[in-house]
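For reference, the structure discussed in these notes is given below.
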2 protein chains.
Amino acid sequence: MTDSQPGLRERTRRAVQKEITDAANALFLERGYEETTIGDIAAAVGMSQRSVFRYFPTKEDLVVGKFDFVADDMLQALRERPAGEPVWESMRRIFDLLVPYVDAPGRRQVAEPMQRIVFSTPTLLASYLQKLQLLQDTADTALRERAAAAGVPYHDSDPTPRAIVGAAFACLLAAQHAWLAGGAEGTFATAIDRAMATITPRSGNGAC
Amino acid sequence: MTDSQPGLRERTRRAVQKEITDAANALFLERGYEETTIGDIAAAVGMSQRSVFRYFPTKEDLVVGKFDFVADDMLQALRERPAGEPVWESMRRIFDLLVPYVDAPGRRQVAEPMQRIVFSTPTLLASYLQKLQLLQDTADTALRERAAAAGVPYHDSDPTPRAIVGAAFACLLAAQHAWLAGGAEGTFATAIDRAMATITPRSGNGAC
DNA sequence: GCCGAACCTGTCAGAGACTGTCAAGTTAGG
DNA sequence: CCTAACTTGACAGTCTCTGACAGGTTCGGC
C-alpha cells in the first residue's frame, strides 16, 4: 500500500509539515525554543494545538525530526558499502550524506543558527544525542552482520564495532563544534575529515 | 557560608534525598520508569509531590542525578593529571572513578538492573547522554588549558581535543553495552580496557 | 455522478511534569 | 526566649502530550 509515487495525500501532508516547521523555526530563532509554546506555533499557521501534534510526535521533533530521514539514508548506505572496506572509511562515506543538509549554499544561513540553538538548548541537545545513539545502535548491528557474513563474527560481548562507530560519531560532533567555533568557514566536509583524522581504529579492518 | 564540615541541615538533606531515591528506584524496578508517577514516589516516602521536586529538579535526576557528583570528581582528577601524560591515558584513569559506582561487590546487584533501565528508557538515555556531553565539554576545555599551559595551544577550530575526549566516552559507552550484553561477567575495569584498546588517538601526545 | 470508507480537523477533557505563592510549622543562633 | 532562616503542605497554574468524539473532506470503486 505504500506509494512509490508520493500521491496527493502524502504530498499535502509534507507541505503542511514544512509549513509548520518553517513557522516554528522562525519563532524559535526570534524568541527562543523554550519561550515558544505549541500554541504560539499553532496560531502562527492557523490551526489547533492538537493538529500540530498530529504532524509531529513531540515539540523537539519540530527541530530534530528531519534527521530521521537522513538517518535512514545513512543506514542504507552503510549496508551497501563493500564488505571488505575498512570500517572507518565506511563511516566517513556515510557522513557525506549529512553534508548537503548543513553546508548547501542556500541552507547555510538557516542551518547554522539552528545548529547553535540545538547545541545551546539542553532539551534539544539531549534529543539530538539520543537520535545519534539510536543510529549508532543500528550501525553496530549492521557492522556485526557484515563481519558475520564475511566469516569473522564478533562476539556479543566484543565492544569493538560499537566503540569504532561511537568514535566516528564523536568525531562528527567534534567537527560540528569546530565548524561552528570557526564561524562556519570552509567546507563542512573538510571539518569532518580533520576530526576523523585525529583518530585511528585499531582492529576491524583498520588501516594503520 | 558553605560548611566544610557537612553540618546538620545538609546531613538531613542528604538523608532525605537517599530515602527518596531508594523508594523511587524500588518502584522503577518494580513497575517501570514511565509507569511510576511522582505522586507514587511521594506517597511511598510520605511527603507531598511538591517536596519531591524540592529535592530533585526533574524526575530523571532521581536516576541519573548522582552522576553529577562523579562528574565533578572526574573533572578534578583530569586537572590533576601530569601535563605531559598522553590524553588517552588520562581519560582511562579518570574512568576508574566510575568503577566503584558500578562494579562494587554490594552495588552490583542494584547497579546492573538500573543501567538496563537507563539504556532501555528513551528519556533516561537522552538525559544520561546529555550529562556525558556536558562532562565532555568541560573535559575539552580542560585539555585545551593544559595544552596552552604547555606552550602548544589548540586553535579554537581544532577538533582534536573534543574528538579524542568524545572517542574515549564512546569507548566507555561501548564498554557498558558489552559488559551488560555479556551478563556483567568479569570486571567493569577490564571491559573499559578492552573498549579503549580498539581506538588510538593520532595526535595530542598520542602513544602509537 | 454517487457512496461508503478512510482521512483530517477542531473541540473538549484529562494525565503528568513542573513552577510560583502563601501560610503554618520547625529549627538555628544570639 | 525570640527573631530570622529554613522547610513543608496545600493550592493553583502552565505546558506538553494523549484519548475520544463529531463534523467535514477526500479517495476509490461503481
Side-chain angles (χ1 to χ4, degrees), chain A residues 1-21 23-24 27-28 31-65 121-128 130, chain B residues 1-21 23-25 27-28 31-65 117 121-128 130:
Chain A
M1 267 312 166
T2 58
D3 300 329
S4 53
Q5 192 77 359
L8 188 136
R9 273 262 165 73
E10 192 65 18
R11 234 182 308 146
T12 58
R13 183 173 176 80
R14 300 284 173 95
V16 175
Q17 276 186 338
K18 179 166 170 46
E19 195 178 351
I20 296 175
T21 52
L27 288 173
F28 292 158
R31 70 175 94 154
Y33 176 80
E34 304 277 8
E35 291 72 23
T36 307
T37 82
I38 299 287
D40 297 336
I41 299 165
V45 294
M47 57 199 299
S48 88
Q49 213 181 38
R50 189 68 180 88
S51 289
V52 175
F53 281 113
R54 286 198 178 94
Y55 284 93
F56 294 92
T58 66
K59 185 183 176 186
E60 298 142 29
D61 270 53
L62 287 168
V63 179
V64 296
T121 307
T123 305
L124 288 176
L125 179 59
S127 186
Y128 179 55
Q130 184 200 345
Chain B
M1 270 309 166
T2 57
D3 300 328
S4 53
Q5 192 76 0
L8 187 135
R9 274 257 162 75
E10 192 65 18
R11 235 181 308 146
T12 58
R13 181 174 176 81
R14 301 283 173 94
V16 175
Q17 276 185 340
K18 178 166 170 46
E19 195 179 351
I20 296 175
T21 51
N25 289 1
L27 288 173
F28 292 158
R31 71 175 94 155
Y33 176 80
E34 304 278 8
E35 290 73 23
T36 305
T37 172
I38 298 287
D40 297 336
I41 299 165
V45 293
M47 56 198 299
S48 88
Q49 210 181 40
R50 189 69 181 86
S51 289
V52 175
F53 281 113
R54 286 199 180 92
Y55 284 92
F56 294 92
T58 66
K59 184 182 177 186
E60 297 144 28
D61 270 53
L62 288 168
V63 179
V64 296
I117 287 185
T121 308
T123 305
L124 288 176
L125 179 58
S127 185
Y128 179 55
Q130 184 200 347

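Chain A is the first sequence line, chain B the second, and so forth, proteins listed ahead of strands; every chain is numbered from 1.
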Legend entry - A/Lys59 side chain near A/Thr123 side chain, heavy-atom distance below 4.5 Å: no
Legend entry - Interatomic distance, A/Arg50 CZ vs C/dA15 P [rounded to whole Å]: 16 Å
Inset, instruction - Let me know the distance between CD1 of A/Ile38 and C1' of D/dT14, rounded to the nearest Å. - result: 14 Å
Inset, instruction - For B/Thr123, report the nucleic acid contact type (base, sugar-phosphate, nothing); a contact means any heavy atom under 4.0 Å. - result: nothing
Legend entry - Rounded distance in Å - CD1 (A/Ile41) to C1' (D/dT16): 11 Å
Legend entry - Nearest-Å distance for atom pair CD/P, residues B/Gln49 and C/dT19: 12 Å
Inset, instruction - In sequence, state the C-alpha distance, the side-chain angles, and the governing distance for A/Arg31 and A/Asp40, and then conclude on side chain to side chain contact (heavy atoms under 4.5 Å, CB included). - result: CA-CA 11 Å; A/Arg31 70 175 94 154; A/Asp40 297 336; 3.1 Å; yes
Inset, instruction - Measure from the side chain of A/Ser51, starting at C-beta and using heavy atoms only, and say which of C/dT9, D/dT16, C/dC12 lies closest. - result: C/dT9
Legend entry - Separation of C/dG16 P from B/Lys59 NZ (nearest whole Å): 9 Å
Inset, instruction - Report yes if some heavy atom in the side chain of B/Ile41 is under 4.5 Å from a heavy atom in the side chain of B/Leu62; otherwise report no. - result: yes
Inset, instruction - Can you tell me the distance, in whole Å, between the CD atom of A/Glu34 and the C1' atom of C/dC18? - result: 12 Å
Legend entry - Shortest side-chain distance from A/Thr58, nucleotide among D/dC17, C/dT11, C/dC18: D/dC17
Inset, instruction - Just call it for A/Thr37: base, sugar-phosphate, or nothing, with non-hydrogen atoms closer than 4.0 Å on any strand. - result: sugar-phosphate
Legend entry - Passing candidate, side chain to side chain contact (heavy atoms under 4.5 Å, CB included) with B/Val63, options B/Phe56, B/Phe28, B/Tyr128: B/Phe28
Inset, instruction - Would you mind classifying the nucleic acid contact of B/Tyr55 as base, sugar-phosphate or nothing, using non-hydrogen atoms under 4.0 angstrom? - result: sugar-phosphate
Legend entry - Shortest side-chain distance from B/Arg54, nucleotide among D/dC17, C/dC22, C/dT9: C/dC22
Inset, instruction - Between A/Phe53 and B/Val16, name the one whose nearest nucleotide on DNA chain D is closer to the 5' end. - result: B/Val16
Inset, instruction - Indicate the atoms forming the closest heavy-atom contact of B/Ala126 with A/Gln130, along with that distance. - result: CB-OE1, 3.8 Å
Inset, instruction - Grab the CZ-C1' distance between A/Arg13 and D/dT26 for me, whole Å please. - result: 15 Å
Legend entry - Nearest-Å distance for atom pair CE/C1', residues B/Met47 and D/dG9: 10 Å
